[in-house]
2 protein chains.
Amino acid sequence: METGADKIIHTKETCNTDVTAVRDTLYVLNGKWKLPIMIALTGSPKRFNEIQRALEDITPKILSKELRELELNEFLVRKVSSTVPVSITYELTPYSKSLEKVLEELKNWGIEHRERIIASRRKPAA
Amino acid sequence: METGADKIIHTKETCNTDVTAVRDTLYVLNGKWKLPIMIALTGSPKRFNEIQRALEDITPKILSKELRELELNEFLVRKVSSTVPVSITYELTPYSKSLEKVLEELKNWGIEHRERIIASRRKPAA
DNA sequence: GATACCACTATCCTTTAGGATAGTAGTATA
DNA sequence: TATACTACTATCCTAAAGGATAGTGGTATC
């Protein structure tokens, strides 16, 4: 029965759905260490202390927590090889690749945004 | 001079650049209110109290802070119209549209991730 | 026996995000 | 004069993220 307002694309419900979906994604990517850890593991699996050394200033407590969360989200697997002594490696899953497009867009926008800020510092508000 | 390792796409430097770019983007999108506020403003500009009512449980302190940050990032402008009394409206900028592709990818991935989690609850680990 | 590497865990502390509650200065309305 | 609306600011508080520092139980090496 409502007239006009044809331009409004979203109802309150679809908005909430969209916000929730975006926030789900932001949630799994956020924090200081998730991306660096995943990057550290691209190419080859690594052991706990190897990752710690690659990241330089992460503490074992934080690394342990982040690895657990990444494993829960199925971005990596913890593999125990029964040598003596056991050696434990962390390895990215194929599923972690599903983030590629998202990360690409986030990266591109970040680069453009930074360029824009720098440019607007050079010639401030017209 | 280095042999082999042709598969390694990133040097330590390009990784850091990429991580920084992604984090820049995550930074401007993050927090509880930035997206809801921008969505509230799509379609038409709104006044402070109108936004507050649309978002239902945001406090004026938080809203004020978020609006300032969104303005700094040039996602919106604060317009003062010199009527008596003055009325102040907040309006999305054309630049805010540059986020569209990013938000689309974040949304799609969020939806797929949620579906995957629900599916894996139905038939747990094979 | 001492030291060192591995993969962590435990405890405490600081910083940041976000919220609750109250107040302010101005205008308008009853 | 009292009430209410607009656009905020100020003060205090809580919860979560993240970090510093130390310790644990095992194996291996000197």
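This is a predicted model, so every value here is computed, not measured. Lettering of chains follows the sequences in order, A, B, ..., and the numbering in each one begins at 1.
- Atom CG of B:Leu41 sits about 8.5 Å away from atom CG of B:Leu70, to the nearest 0.5 Å.
- Nucleotide D:dA15 holds its C1' atom 12 Å from the NZ atom of B:Lys32, rounded to whole Å.
- Counting only residues at least two apart or in different chains, salt bridge (Lys or Arg N to Asp or Glu O under 4.0 Å) contacts with residues 36-46 of chain B are absent.
- Separating the CD1 atom in A:Ile39 from the CH2 atom in A:Trp33 is a distance of 12.0 Å, to the nearest 0.5 Å.
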Every protein N/O within reach of nucleotides 2-7 of chain D N/O, cut-off under 3.5 Å:
from: D:dT6; atom 1: OP2; to: B:Asn49; atom 2: ND2; distance (Å): 3.2
from: D:dT6; atom 1: O3'; to: B:Arg47; atom 2: NH2; distance (Å): 3.0
from: D:dA7; atom 1: OP1; to: B:Arg47; atom 2: NE; distance (Å): 2.9
from: D:dA7; atom 1: OP1; to: B:Arg47; atom 2: NH2; distance (Å): 2.9
from: D:dA7; atom 1: OP1; to: B:Ile88; atom 2: N; distance (Å): 3.4

Run the side-chain donor-acceptor check on residues 85-95 of chain A: report pairs under 3.5 Å with partners two or more places apart or on a different chain.
from: A:Ser87; atom 1: OG; to: A:Ser81; atom 2: OG; distance (Å): 3.3
from: A:Tyr90; atom 1: OH; to: A:Arg78; atom 2: NE; distance (Å): 3.4
from: A:Glu91; atom 1: OE1; to: A:Lys79; atom 2: NZ; distance (Å): 3.2
from: A:Thr93; atom 1: OG1; to: A:Glu74; atom 2: O; distance (Å): 2.6
from: A:Thr93; atom 1: OG1; to: A:Phe75; atom 2: O; distance (Å): 3.3
from: A:Thr93; atom 1: OG1; to: A:Tyr95; atom 2: N; distance (Å): 3.4
from: A:Thr93; atom 1: OG1; to: A:Ser96; atom 2: N; distance (Å): 3.2
from: A:Tyr95; atom 1: OH; to: B:His113; atom 2: ND1; distance (Å): 2.6

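- Interface residues of residues 64-77 of chain A facing DNA chain C, ordered by number: A:Ser64, A:Arg68; criterion, heavy-atom separation under 4.0 Å.
- Side-chain nitrogen and oxygen atoms of A:Trp33 include none within less than 4.0 Å of the OP1 or OP2 phosphate oxygen of D:dA17.
- In this structure A:Glu104 satisfies the salt bridge (charged side-chain N to carboxylate O under 4.0 Å, His left out) test together with A:Lys107, sequence neighbours excluded.
- In this structure A:Arg47 satisfies the salt bridge (charged side-chain N to carboxylate O under 4.0 Å, His left out) test with no other residue, sequence neighbours excluded.
- In terms of the side chain to side chain donor-acceptor pair (under 3.5 Å) criterion, B:Thr20 has no residue partners (sequence neighbours excluded).
- Every residue meeting the salt bridge (charged side-chain N to carboxylate O under 4.0 Å, His left out) condition with B:Lys34, not counting sequence neighbours, appears here in chain and number order: B:Glu66, B:Glu69.
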Identify each atom pair where a protein N or O and an N or O of nucleotides 25-30 of chain D are less than 3.5 Å apart, giving names and distance.
from: D:dA28; atom 1: OP1; to: A:Val84; atom 2: O; distance (Å): 3.4

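- When DNA chain C is scanned 5' to 3' for any atom under 4.0 Å from a heavy atom of chain B, the first and last hits are C:dG18 to C:dA28.
- Remark: A:Ser64 pairs with A:Arg68 by the side chain to side chain donor-acceptor pair (under 3.5 Å) rule, at least two apart or across chains.
- With sequence neighbours left out, B:Ser44 forms a side chain to side chain donor-acceptor pair (under 3.5 Å) with no residue at all.
- The heavy-atom pair separating A:Val22 from B:Leu103 by the smallest distance is CG2-O, 4.0 Å.
- Summarising the geometry of B:Thr25 relative to A:Leu106, their closest heavy-atom pair is OG1-O, 2.7 Å, with the distance given to 0.1 Å.
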